[in-house]
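Take a look at the structure set out below.
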Amino acid sequence: MEKYYLTTAIDYVNGKPHIGHAYEKILTDIIARHYSLRCDDVFFLTGTDEHGVKIQKTAAAQGITPKELCDINSQAFKDAWKALDVDYTKFIRTTDDYHEAVVQKIFKKLVEQGDIYKHEYEGLYCSGCECFLNPKDLTEDGLCPDHLKKPEVVSEVNYFFRLSKYKDAIIKHIKENPAFIVPAFRANEVLRQLEDIQDISVSRSKSNVSWGVDVLDDPEQVIYVWIDALSNYITAIGYDVDRQSDEFKKYWPVDVHVIGKDILKFHSIYWIGILMALGLPLPKHIFAHGWITIDESKMSKSLGNVISPTSVLESFNLENADAFRYYMATSAPCGRDGNYSDNDFKEKVNAHLANSMGNLLNRTLSMLVKYFDGEIKSEFTVNTDLKKLAVNTIGFVKTRFDNFEIAEAGQEIMALVDAANKYVTDNAPWTLAKEGKMAECGTVLRTVLEIMCMVSSLIYPFCPNIARSMSNQLGYNLSTRLDDIANLDYNILKAGKLIAKEEIKPVFLRLDSEFADKQAKKSEV
Ligand code: MSP
């Protein structure tokens, strides 16, 4: 594997980041960090989507210009990702000059080659979706099914993209590439949507939407948000219609677009049609994650249950985002909806990160100090059965990531931790020490510590701070490639002094309920 290029959806800046946005960025960061343990060159793109009627209206309501609103909220997204240790390579804003210029050229090229044409149109526009809706997709009351709002009747002269021309090729691609859309059950939904797909509007009249990228040579029209937004995936890495940068040549096609299920149609139909028209290779995977609910209800401003990710960290007095990252990433199986609840959060991270994983390391190191003055002696061996399980777990975790089964990868890691805990209980090193069976006692401890080195690598993408604290205490280099440690014949830990008593620290402190002030978390989003 030479490079791995992955992207998130770019978030609308008409509001502040909430934990739904955070879920996606955390998942993507975890995938990026996992592949950084498998290849040298990972490029992780995220950013903000800053044009369109929603942003124009929100800015007007706040009495500021759209650009001012974009600047404030785009920064709020960056700040949130920093707090969550979302370590992107590049952050693109669709108001960036280079992006706007290339979007205009892409549009012009598609007009010139006949893929975009001008047409008088009347349709039902949902500003929540920023798209025209098909009347047959509305609810019985004529509302947008996602936003439960009545779409506006809009009559305009618009530019249209000849999507129908690419329909058969898109269907063929989806059918011939079963791993293209993840999870696979979503591919059937997309194929159904493709059955009656029509050409799509790709511009709006300036009289209705002024906040957008101008169509070159037609000042009455602005480029409609989706063609502008989707192009970010190629403009960010230096695509231009007449010249492709070395970076673009290196990273495109993208390995995975990570997006929410609500925008799968735009990515697996519209974007694919645009790429086909531009003659560019197609993404390898589109991973549509599910949605996060709060206490089993849909997050919404009207219910007042919109939670900002940083307020979770603050209200639980968390030093870093590891626990929240772990909880979010393991909240739902691949592509399914997940849920956030304060109690569940507390219980899960206390059980998994503090009790199972943290305590195991802490008490094993403490026994090594107590019985052997912190030294691994050369006569201590490593239990082959447990080592084999750990080596196999690395293989399972890699496969899970290749299938974008992030929560399932977390379960594999915890299953290894549980097996190591059981090994300690079954072999009771404290009894072995009492009985004077010191070599056997040392073998149990060395085995567990060897496994904990592997666990620190595996858990690193989810919990980078905890992993660092674990690996520091183990004297283990966290940048070691997964393939190098997935080796039965190779012992990571060498004989010699490992740790002194005062260097042993808990890697994760249990969340204390007194810190949890539920109300404090309901922030204005
Ligand atoms: N701007 C478009 C995406 C353009 S991508 C070229 C957009 N923005 S958004 O701000 O509405 O959503 C950004 C991402 O957050 C989407 O992938 C969306 O699915 C995701 N989520 C928004 N709310 C969510 C939850 N409640 N739960 C999980 N993800 C959610 O769509």
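This chain uses plain numbering: 1 for the first residue, then up along the sequence. For ligands, and for the atoms within them, numbers begin at 1 and follow the listed sequence.
Of all the listed residues (His289, His51, Met299, Glu24), Glu24 holds the heavy atom that lies closest to atom 17 (O) of ligand 1. Here atom 4 (C) of ligand 1 lies nearest to Ile10 when heavy atoms of Thr8, Ile10, Asp11 are compared.
Closest to atom 23 (N) of ligand 1 among all protein heavy atoms lies His18 CE1, 3.3 Å. In terms of protein heavy atoms, atom 11 (O) of ligand 1 is closest to Tyr12 CD1, 3.3 Å.
Looking at His173 and Tyr166, their side chains never bring a donor and an acceptor atom within 3.5 Å of each other. Arg162 and Tyr117 share no donor-acceptor pair across their side chains, judged by distance under 3.5 Å alone. Side-chain contact, Asp228 with His99: a donor N or O sits under 3.5 Å from an acceptor N or O.
Between Arg38 and Asp402 there is a salt bridge, since at least one side-chain N of the basic residue sits less than 4.0 Å from a carboxylate O of the acidic one. A salt bridge is defined here as a Lys NZ or Arg NE, NH1 or NH2 lying under 4.0 Å from an Asp or Glu carboxylate O, and Asp218 with Lys118 meets this definition. For the pair Asp49 and Arg93, the salt-bridge criterion is not met [side-chain N within less than 4.0 Å of a carboxylate O]. Salt bridge annotation for Asp71-Lys67: present, with a cationic side-chain nitrogen under 4.0 angstrom from a carboxylate oxygen. The pair Lys172-Asp168 does not count as a salt bridge, with every side-chain nitrogen at least 4.0 angstrom from each carboxylate oxygen.
Residue Ala9 approaches ligand 1 through these ligand atoms, each under 4.0 Å from one of its heavy atoms: 5 (S), 14 (C), 16 (C), 17 (O). Less than 4.0 angstrom separates some heavy atom of Ala229 from each of these atoms of ligand 1: 6 (C). The Tyr233 neighbourhood of ligand 1 comprises atoms 5 (S), 6 (C), with distances under 4.0 Å to a heavy atom of that residue. For ligand 1, the atoms lying closer than 4.0 Å to a non-hydrogen atom of Asp49 are 1 (N), 2 (C), 4 (C). Which parts of ligand 1 touch Gly260 is read off a 4.0 Å heavy-atom cut-off, strictly below it: atoms 17 (O), 19 (O). Ligand 1 places these atoms under 4.0 Å from at least one heavy atom of Gly290: 28 (C).
For Lys165, the NZ atom counts as densely surrounded, since its 6.0 Å shell holds more than 12 non-hydrogen atoms of other residues, nucleotides or ligands. Annotation for Gln198: atom CD does not count as buried by contact number, only 12 or fewer foreign heavy atoms lying within 6.0 Å.
Under a 4.0 angstrom heavy-atom cut-off, Gly338 registers as lying outside contact with ligand 1. Heavy-atom distances between Trp271 and ligand 1 stay at or above 4.0 Å for every pair.
Residue contacts with ligand 1 for His267 involve side-chain atoms from C-beta outward but no N, CA, C or O (heavy atoms, distance under 4.0 Å). Under 4.0 Å from ligand 1, heavy atoms of Ile292 appear from its side chain as well as its backbone.
Some N or O of His21 is nearer than 3.5 Å to an N or O of ligand 1, by distance alone. Considering both main-chain and side-chain atoms, Asp262 comes within under 3.5 Å of ligand 1 through a nitrogen or oxygen pair.
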